[in-house]
Trainee: 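Let me begin by handing over the structure; questions about it come next.
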Amino acid sequence: MTPQQLNGQLTLALSKGRIFEETLPLLEAAGITVTENPETSRKLILSTNDPLLRVIIVRASDVPTYVQHGAADFGVAGKDVLLEHGGEGLYQPIDLNIAKCRMSVAVSAGFDYASAVKQGARLRVATKYTETARQHFAAKGVHVDLIKLYGSMELAPLVGLSDAIVDLVSTGSTLKANKLVEVEHMMDISSRLVVNQAALKLKRERLQPIIDAFERASHR
Ligand code: ATP
Ligand code: MG
């Protein structure tokens, strides 16, 4: 048990950008206002109108780790991030229906993906989501060499690093700008509330009303 869990303080882990922006209305629905702006402040711990609730700003892919270890009681993370993390130690009560996009396979406009798959070719796939991609292609019986990247996946097929990429797509304009074609829709992605399992037991009285307010606001 970390000190924060004992003293009655609640800590919410969010990432900057779309998750922070899209979680704000849900917090408002729970009567919570964040009193500092992470885009203009360099602070990583933000206060709220509730002296017993603070928000920490971490990398999107680190949210499950902070919550799993109890350094944050709860957090908001994309399904993409949760699938890669594996979700150990996390209770996932609700889909918040925010930061929606899809995870897809994309290739260079000239690459015949369907034929390559049909012929049983070994595909080189570049992605940040190696675990999810590994499972996806294994289930389809497609042999892949996975190349782990941390960003700008769209570049990989253009310079011959890979035949395909697995990436998140929303409007498709980034793919289009780089002459890539979406050839397979793997899954729909949205962000989930994740709660530390011990915190849920020990701080249920404080957490449950916030979870309930998020649930009501996210289905509107
Ligand atoms: P970092 O910038 O730290 O590498 P990131 O790029 O994953 O992290 P964001 O771009 O803020 O951070 O994405 C956070 C989450 O939002 C992702 O995990 C995903 O669930 C979702 N997301 C990512 N891209 C889009 C998009 N184009 N449209 C909607 N939701 C998206
Ligand atoms: Mg991003």
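Sequential numbering from 1 along the given sequence is applied to the chain's residues. Counting convention: from 1, in listed order, for ligands and their atoms alike.
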Trainee: Answer yes if the side chains of Glu154 and Thr174 hold a donor-acceptor pair under 3.5 Å, and no otherwise.
Mentor: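 Per modelled atom types, Glu154 and Thr174 side chains form no pair under 3.5 Å.
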Trainee: Is it true that His85 and Gln68 share a donor-acceptor pair across their side chains at a distance under 3.5 Å?
Mentor: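 Present: a donor and an acceptor within the cut-off.
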Trainee: Is there a donor in the side chain of Arg54 and an acceptor in the side chain of Thr11, or the other way round, less than 3.5 Å apart?
Mentor: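 Judged by distance alone, the side chains do pair up.
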Trainee: Any chance you could lay out the side chain to side chain donor-acceptor pair (under 3.5 Å) test for Ser61 and Glu84, step after step, and finish with the verdict?
Mentor: CA-CA 9 Å; Ser61 49; Glu84 283 295 305; over 6 Å; no
Trainee: Looking only at protein heavy atoms, which one is nearest to atom 8 (O) of ligand 1, and what is the separation?
Mentor: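 Looking only at protein heavy atoms, the one closest to atom 8 (O) of ligand 1 is Ala60 CB, 3.9 Å.
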Trainee: Are any of the N/O atoms on Arg59, whether in the backbone or the side chain, positioned under 3.5 angstrom from an N/O atom of ligand 1?
Mentor: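 Such a contact does occur with ligand 1.
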Trainee: Out of Lys100, Arg192, Arg102, who gets a non-hydrogen atom closest to atom 29 (C) of ligand 1?
Mentor: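 The nearest heavy atom belongs to Lys100.
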Trainee: Check this for me - ligand 1, Arg18, N or O atoms closer than 3.5 angstrom, yes or no?
Mentor: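 Yes; at least one N/O pair falls below 3.5 Å.
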Trainee: Using a strict 4.0 Å cut-off to heavy atoms of Ser170, name the atoms of ligand 1 that fall inside it.
Mentor: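 Taking each heavy atom of Ser170 in turn, ligand 1 has 26 (C), 27 (N), 28 (N) under 4.0 Å.
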Trainee: I'd like to know if Leu24 and Phe74 are part of one continuous hydrophobic network [Ile/Leu/Val/Met/Phe/Trp/Tyr, side-chain heavy atoms within less than 4.5 Å].
Mentor: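 Hydrophobic grouping puts Phe74 with Leu24.
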Trainee: Return the residue, atom name and 0.1 Å-rounded distance of the protein heavy atom closest to atom 6 (O) of ligand 1.
Mentor: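 In this structure, atom 6 (O) of ligand 1 has Lys128 NZ, 3.6 Å as its nearest protein heavy atom.
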Trainee: For ligand 1, which atoms have a heavy atom of Val81 less than 4.0 angstrom away?
Mentor: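 Numbered from 1, ligand 1 contributes 18 (O).
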Trainee: Can you name the atoms of ligand 1, numbered from 1 with element, that are less than 4.0 Å from a heavy atom of Ile189?
Mentor: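 So the answer, numbered in order with elements, is 20 (O).
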Trainee: Can you find an N or O of Ala99 that's nearer than 3.5 Å to an N or O of ligand 1?
Mentor: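 Looking only at distances, the answer is yes, because the N/O contact criterion of under 3.5 Å is met.
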Trainee: Do Ser191 and Glu22 meet the criterion of a side-chain donor-acceptor pair at a distance under 3.5 Å?
Mentor: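 Distance-only check fails for Ser191 and Glu22.
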Trainee: Does a donor on one side chain sit under 3.5 Å from an acceptor on the other, for Glu36 and Ser47?
Mentor: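 The answer is yes; a qualifying pair exists.
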Trainee: Could you tell me which atoms of ligand 1, counted from 1 in the order shown, lie closer than 4.0 angstrom to a heavy atom of Gly78?
Mentor: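 Atoms satisfying the 4.0 Å criterion: 20 (O).
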Trainee: Identify, for atom 15 (C) of ligand 1, the protein heavy atom at the shortest distance, and state residue, atom and that distance.
Mentor: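 Nearest neighbour among protein heavy atoms for atom 15 (C) of ligand 1, to 0.1 Å: Ile19 CD1, 3.9 Å.
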Trainee: Among protein heavy atoms, which lies nearest atom 17 (C) of ligand 1, and at what distance?
Mentor: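 Of every protein heavy atom, Asp80 OD2, 3.4 Å lies nearest to atom 17 (C) of ligand 1.
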Trainee: Check whether any side-chain heavy atom of Arg192 lies under 4.5 Å from a side-chain heavy atom of Leu82, and answer yes or no.
Mentor: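 Counting from C-beta outward, Arg192 and Leu82 do come under 4.5 Å.
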